[in-house]
Number of protein chains: 2
Amino acid sequence: MAVQTEPVRRTPLTRDRVLRAAVAFADGIGIEALSMRKLAKELGVVPMALYKHVANKEQLLDGMVDVVMSEIAPPAPGSDWKGAVRHRILSARRALLGHPWAAQVIQTRSSPTPVVLAYMDSVIGMFRTGGFSVDLTHHVMHALGGRMMGLTQELFDAPPSPGPQAQPVTPTEGAGDYPYVRELAGAVVHDEASVVGQGCDDQFEFEFALDLLLDGFERLRQQGWSSAGRSGPARP
Amino acid sequence: MAVQTEPVRRTPLTRDRVLRAAVAFADGIGIEALSMRKLAKELGVVPMALYKHVANKEQLLDGMVDVVMSEIAPPAPGSDWKGAVRHRILSARRALLGHPWAAQVIQTRSSPTPVVLAYMDSVIGMFRTGGFSVDLTHHVMHALGGRMMGLTQELFDAPPSPGPQAQPVTPTEGAGDYPYVRELAGAVVHDEASVVGQGCDDQFEFEFALDLLLDGFERLRQQGWSSAGRSGPARP
DNA sequence: TTGACGAGTGTACGTCGTACACCTACCGTG
DNA sequence: CACGGTAGGTGTACGACGTACACTCGTCAA
């Protein structure tokens, strides 16, 4: 009989195993359903066992973010600053898209982990070596904000919530008395029906906004913009 | 003796009173400390009494967002589209700043309340009457994202968390081995020390990013940009 | 007078995060 | 081989939390 790896002895927990299990579990059941107790059960262990590897739930969430961050591709060598930044950010976005809970969790962290700091550092570095002053880089990073990590600054997943509950009243439901919202929603649906599920192409929207910002950054860089005058990007 | 308003009879609860109390309470103790039970105690009432006026905690949060939204100034009449949008968004931001919890709560709502929809409708209307096509307005709204409501797409409140816990090691703590982060942080602190508390002027950063976007929108509008070509804002 | 109704109450359940004391299998050292 | 420290896993317990459900009680129309 097998002497090694006797099944009665579970493979021991590690911080890494806990974090990966948490990520997979959240991918499956959603972040709001993730609890220390359920995660422990998933790992075949008593809840308190987890606390030998993470200090508390907040640190668990921090670690989960780090796992997602580790999926971001390393910086592409060479090329212009815009291409480099664009490539990195789109890679970050791809990592996030695989974990629908990640965006929300990232936004509720109160301070960055070293992994996140390292990522920010590398993005800042791209601007600096691309010819941006410290001053401009600073403002540019603020302007990028969460988009730097691939977060879409969306307000809601679906505009009027087509939830499972019955919604009576008129067939113009949802957009109700909001003519402009309805106009937009209608146009999106009818437009080009190539996009599969929902009415609009999130990837396109993300790149649209990203390129709009990057183009704006480039313009400011070229004209040697500085915040000394303190009057926003429109300054000639 | 006073016959009316005998103090033994509390002024009755209403949905409005519950929501306003919740907003004030969250302003005071923070959103994560707000619970149905504590809110009930604050109102001198048993926890279950709240459920006669709000369906559950999610609806309470929805209602709290609506209260904040109601503080946004109505649209300014006349003027160009950019001034109108800018004014409205900065007003929204002012409303949010009075309630530090609001940004986080808004971002965890799964669908917009009618009040939020109405606000979005009015912003969309400004673009449309300002000469933006339905198509461009759609993408522009995505690009604005949460910034439309005054949300700053910031990743963290304070970069390296100067928490109350003692942090030994080198005096270059925080920025540790992140040279570009340190460069930025150092420059911000030394720059113009006019800004009071923290190292940088959030209002300036918000307007910087907002104007960058609005200017980009204007450029696209002027050149009659359309998503038919599907290649982002940089298209000539 | 009555009886329906809406606001507020009381009790209870299941879930959560986690403090604290405990066991126990393993290891390097004597 | 004996031994004692230690890291990892356990068991019990506590004080939150949201909220279902059955109730009381004051008010007001019929």
Side-chain angles (χ1 to χ4, degrees), chain A residues 2-23 25-26 28-65 101 104-105 108-110 163 165, chain B residues 2-23 25-26 28-65 101 104-105 108-110 163 165:
Chain A
V3 174
Q4 289 184 304
T5 71
E6 184 78 10
V8 78
R9 209 109 226 87
R10 292 185 316 280
T11 78
L13 250 44
T14 60
R15 179 178 159 86
D16 199 68
R17 232 165 72 75
V18 169
L19 295 181
R20 290 181 187 287
V23 166
F25 201 42
I29 66 167
I31 193 68
E32 69 292 331
L34 174 71
S35 73
M36 298 299 273
R37 300 170 110 105
K38 289 190 206 150
L39 177 57
K41 183 167 288 180
E42 190 78 2
L43 285 161
V45 114
V46 100
M48 287 312 292
L50 301 179
Y51 288 87
K52 298 287 184 193
H53 301 98
V54 295
N56 49 45
K57 193 178 182 183
E58 287 299 292
Q59 266 207 18
L60 177 80
L61 294 172
D62 281 348
M64 292 170 67
V65 169
W101 47 270
Q104 192 181 128
V105 172
T108 57
R109 300 303 79 206
S110 57
Q165 80 283 17
Chain B
V3 174
Q4 287 184 305
T5 71
E6 185 77 11
V8 78
R9 209 110 227 86
R10 291 187 316 281
T11 78
L13 249 45
T14 61
R15 179 178 160 88
D16 198 69
R17 231 164 73 77
V18 169
L19 294 182
R20 289 182 187 288
V23 166
F25 201 42
I29 65 167
I31 193 68
E32 70 291 333
L34 174 71
S35 73
M36 298 299 274
R37 299 169 110 106
K38 289 191 207 150
L39 177 58
K41 183 167 290 183
E42 190 78 1
L43 284 161
V45 114
V46 101
M48 287 312 291
L50 301 179
Y51 288 87
K52 298 288 183 194
H53 300 98
V54 295
N56 50 43
K57 193 178 182 182
E58 287 299 291
Q59 266 208 17
L60 177 79
L61 294 172
D62 281 349
M64 291 170 68
V65 170
W101 47 269
Q104 191 180 130
V105 172
T108 57
R109 302 301 80 207
S110 58
Q165 79 282 19

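The CG atom of L34(A) sits 14 Å away from the C1' atom of dT15(C) (whole-angstrom rounding). Between R15(B) atom CZ and dA7(C) atom P the separation is 13 Å, expressed in whole Å. At whole-Å resolution of the value, CG in L43(A) and C1' in dG9(D) are 13 Å apart. Note: CG (L39(A)) to P (dC16(C)) measures 12 Å, nearest angstrom. Rounded to a whole Å, the NZ atom of K41(A) is 14 Å from the P atom of dG14(C). Rounded to a whole Å, the CD1 atom of I29(B) is 13 Å from the P atom of dA16(D). Distance E32(B) CD to dA16(D) C1': 15 Å, rounded to the nearest Å.
Among the heavy atoms of the strands lying under 4.0 Å from M48(A) is at least one base atom, whether or not backbone atoms are also near.
Remark: T108(A) engages Q104(B) in a side chain to side chain contact (heavy atoms under 4.5 Å, CB included) (not counting sequence neighbours). With sequence neighbours excluded, the residues forming a side chain to side chain donor-acceptor pair (under 3.5 Å) with R20(A) are D16(A), listed by chain and number. For K38(A), the side chain to side chain contact (heavy atoms under 4.5 Å, CB included) partners are F25(A), A33(A), S35(A), not counting sequence neighbours.
When the nucleotides dT10(D), dG18(D), dT9(C) are ranked by their closest atom to the side chain of M36(B), dG18(D) comes out on top. Here the nucleotide nearest the side chain of S35(A), chosen from dG9(D), dT19(D), dG17(C), is dG17(C).
In terms of position on DNA chain C, the residue among R37(B) and Y51(A) whose nearest nucleotide sits closer to the 5' end is R37(B). Nearest-nucleotide assignment on DNA chain C puts the 5′-proximal partner with K38(A), out of K52(A) and K38(A).
Applying the side chain to side chain donor-acceptor pair (under 3.5 Å) test to pairs two or more places apart or on separate chains, those with a residue in residues 49-59 of chain B are E58(B)-R109(B).
Rounding to the nearest 0.5 Å gives a distance of 10.5 Å between CG of L50(A) and CZ of R17(A). Between the CG atom in L60(A) and the CZ atom in R15(A) there is a gap of 8.5 Å [rounded to 0.5 Å].
For DNA chain D, the residues of residues 53-62 of chain A within the heavy-atom distance limit of 4.0 Å (strictly under) are H53(A), sorted by number.
The shortest distance between side-chain heavy atoms of M36(A) and P47(A) does not fall below 4.5 Å.
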